[in-house]
Amino acid sequence: METQKLNPTIVYVLAILGLLCCCFGGLGFILAGIAFYIAFSKLNAAKANPENYDQASVKSMNTAKTVALVILIINILYLAKTIYTISTVGWDVIMEQSQRVLEQWQNK
């Protein structure tokens, strides 16, 4: 029987997109969470039947899971910071600051 290969490409793509979406208030945790879940479930399937999977692809999927986990943690921390900032400073103050920054960019 031929061994199956795990393809970590989708996990990497979702994790990197999650990192890019971190700039939107930590909302990249959705994509990073999906990437982590995919990697976790594929690795569990490989652990259940290790003889059916190529060990090199299992190692690369494990690396992809680690990348997804790190990006997930970064996004969760940034989301917590965003929630804390909105709750302490207030949405109106944040929007005023954003408006001032936009006006400065327009004047340049």
Side-chain angles (χ1 to χ4, degrees):
M1 182 166 60
E2 189 175 318
T3 60
Q4 298 178 16
K5 292 187 176 186
L6 296 175
N7 189 358
T9 305
I10 189 69
V11 175
Y12 282 123
V13 169
L14 286 172
I16 297 303
L17 286 174
L19 182 63
L20 295 175
C21 290
C22 180
C23 300
F24 302 118
L27 293 178
F29 79 91
I30 297 168
L31 295 173
I34 293 170
F36 181 75
Y37 175 76
I38 290 171
F40 188 76
S41 62
K42 297 277 187 183
L43 285 172
N44 279 344
K47 284 180 186 175
N49 297 314
E51 65 277 353
N52 293 344
Y53 290 92
D54 179 36
Q55 291 305 309
S57 67
V58 170
K59 287 183 181 180
S60 64
M61 183 61 81
N62 199 20
T63 303
K65 182 182 98 168
T66 304
V67 169
L69 180 63
V70 168
I71 293 173
L72 180 64
I73 291 170
I74 290 169
N75 273 289
I76 289 173
L77 290 173
Y78 197 79
L79 179 66
K81 178 199 170 287
T82 302
I83 291 171
Y84 176 76
T85 302
I86 290 172
S87 66
T88 56
V89 175
W91 184 254
D92 295 332
V93 174
I94 294 172
M95 293 310 294
E96 287 175 12
Q97 289 175 347
S98 299
Q99 189 66 29
R100 275 188 261 141
V101 168
L102 284 174
E103 288 172 1
Q104 288 176 355
W105 276 84
Q106 288 176 352
N107 293 335
K108 286 187 177 184

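Remember, predicted model here, so these are calculated numbers, not experimental data.
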Just distance, no hydrogens or angles: give the donor-acceptor pairs under 3.5 Å from side chains in residues 29-46, sequence neighbours left out.
from, atom 1, to, atom 2, distance (Å)
Ser41, OG, Tyr37, O, 3.1
Ser41, OG, Ile38, O, 3.0

Side-chain polar contacts of residues 62-76 - donor-acceptor pairs under 3.5 angstrom, sequence neighbours left out - could you list them?
from, atom 1, to, atom 2, distance (Å)
Thr63, OG1, Lys59, O, 3.1
Thr66, OG1, Asn62, O, 3.0
Asn75, OD1, Gly28, N, 3.3
Asn75, ND2, Gly18, O, 3.2
Asn75, ND2, Ile71, O, 3.0

For residues 95-104, run the donor-acceptor check on the side chains, cut-off 3.5 Å, and write out each pair with its distance to 0.1 Å, sequence neighbours left out.
from, atom 1, to, atom 2, distance (Å)
Ser98, OG, Ile94, O, 3.0

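Qualifying side-chain contact (heavy atoms from CB on, under 4.5 Å) partners for Thr88, counting only residues two or more places apart in sequence or in other chains: Tyr84. Residues satisfying the side-chain contact (heavy atoms from CB on, under 4.5 Å) criterion with Gln106, sequence neighbours excluded, are absent altogether. Checked against side-chain contact (heavy atoms from CB on, under 4.5 Å), Ser60 has the following partners two or more places apart in sequence or in another chain: Pro8, Ser57.
Under the 4.5 Å side-chain heavy-atom criterion for grouping Ile, Leu, Val, Met, Phe, Trp and Tyr, Phe24 is not connected to Leu20 through any hydrophobic cluster. No continuous path of ILVMFWY side-chain contacts below 4.5 Å connects Leu79 to Val89, so the two sit in separate hydrophobic clusters. In terms of hydrophobic clustering, with Ile, Leu, Val, Met, Phe, Trp and Tyr side chains grouped at heavy-atom distances under 4.5 Å, Leu19 and Tyr78 are assigned to different clusters.
Put simply, CD1 on Ile86 and CG on Asp92 are 11.0 Å apart, with the number rounded to the nearest 0.5 Å.
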